[in-house]
Amino acid sequence: ISSMSDSQQHLLLIYPLASLDTNPTLVLLLERLAKRKVPVEVLLTKGEGFLVPESFGETIHLKPLPRDFFFNRFALMGLPLRLAKRLMPSNHNADYPVRFDHIVFRYTLARQYSAIIGVDPHGMILAGSLNKHVKRPLVYISFEIIFNEDLDDSEVELKQKERLVCDQTSLVLVQDEERAEAFCRENSFPFDRVSMVPVAPAPQKVEKSDYLRKTLQIPSSKQIVLYCGNLEAWASRDELAEMVSYWPDSYCLVIHSRSRV
């Protein structure tokens, strides 16, 4: 790829979630690639309560696809049987063009890319599967590390597939040296093929704002405690009410969810 100009490159990014624009690393990556006029196709999960991301630039093309594309229950079936399953009236998650069927994609659409980028284990395993025939360079962007000692029965096969695709991977992007060492240890990956990319937006001037106070009518006498993130049970959502019941009246909890509640 290094011998190609930016305009000659055509990248595929596989992100098996809907929350693309809540990830500052990916936002900055796509904005920088757009600035360099590099064409990038981004396959991401559609819907699930998230707003459609705004444009990252004219060369960045987002393709929202149903969850079933990324977590395909029929991936091991033969193509005719899979296509029949997709056409079943009850299979509402497979409402995407036949050209995006994994085998069809592997032999047709995958040819146009100069490199394929996968995000986290599921995205990278799919990247490896779609790359099986064309053999383009693979890049792994890792935010979540699966540790061997923590595997449950449902993750053993996932970990095996991740390690296999790592054997074919040219470059891994991870946040810092400690996580890089953990990634390499857990996946038997060479450290010299890892680059550090912190989770951070582009440098920018941060200005003080009263936006929350004005929008939510919070008086200046109140100290704001801001929670940003998931509102799921695993994120201690159900403990918030008890927590604030102990707070003095001078404190105010503001919750910012990354998706529709």
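Excluded from the calculations below are hydrogen atoms, water molecules and symmetry mates; all remaining heavy atoms, backbone and side chain alike, are included.
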Crowded around Phe147 CZ? As in, over 12 foreign heavy atoms under 6.0 Å? yes

Say you draw a straight line from CG of Leu12 to CD1 of Ile14; how long is it, rounded to the nearest 0.5 Å? 4.5 Å

Aromatic contact between His122 and Phe70, with the criterion being ring centroids under 6.0 Å apart: yes or no? no

Could you give the distance from CG (Asn230) to OG (Ser236), rounded to the nearest 0.5 Å? 11.5 Å

Between the OG1 atom in Thr25 and the CD1 atom in Ile141, the distance rounded to the nearest 0.5 Å is 8.0 Å

Quick check for you: to the nearest 0.5 Å, what is the distance between His256 atom NE2 and Leu231 atom CG? 10.5 Å

I'd like to know if the side chain of Ser220 pairs up with that of Arg213 as donor and acceptor (distance under 3.5 Å, no hydrogens or angles considered). no

Working to the nearest 0.5 angstrom, can you tell me the gap between Ser245 OG and Leu240 CG? 11.0 Å

Just one of Lys159, Glu186, Arg185 clears the side-chain hydrogen bond (donor to acceptor under 3.5 Å, both in side chains) bar with Asn148, so which one? Glu186

Side chains of Tyr113 and Asn131: closer than 4.5 Å at any heavy-atom pair? no

Do Phe189 and Tyr140 have ring centres separated by under 6.0 Å? no

Validation row: Leu62, Phe56 side chains within 4.5 angstrom (heavy atoms): yes

Sub-4.5 Å side-chain heavy-atom contact between Met196 and Glu177: yes

Is there a side-chain contact between Ser114 and Gln8, using heavy atoms and a 4.5 Å cut-off? no

Residues 233-250 vs salt bridge (Lys or Arg N to Asp or Glu O under 4.0 Å), sequence neighbours excluded, gives Lys222-Asp249

How long is the span from the CD1 atom in Ile145 to the CZ atom in Arg179, to the nearest 0.5 Å? 4.5 Å

Sidechain N-carboxylate O distance under 4.0 Å for Glu31, Lys35: no

Can you tell if the side chain of Thr59 reaches within under 4.5 Å of the side chain of Leu33, non-hydrogen atoms only? no

So, do Val225 and Trp247 sit near enough that their side-chain heavy atoms are less than 4.5 Å apart? yes

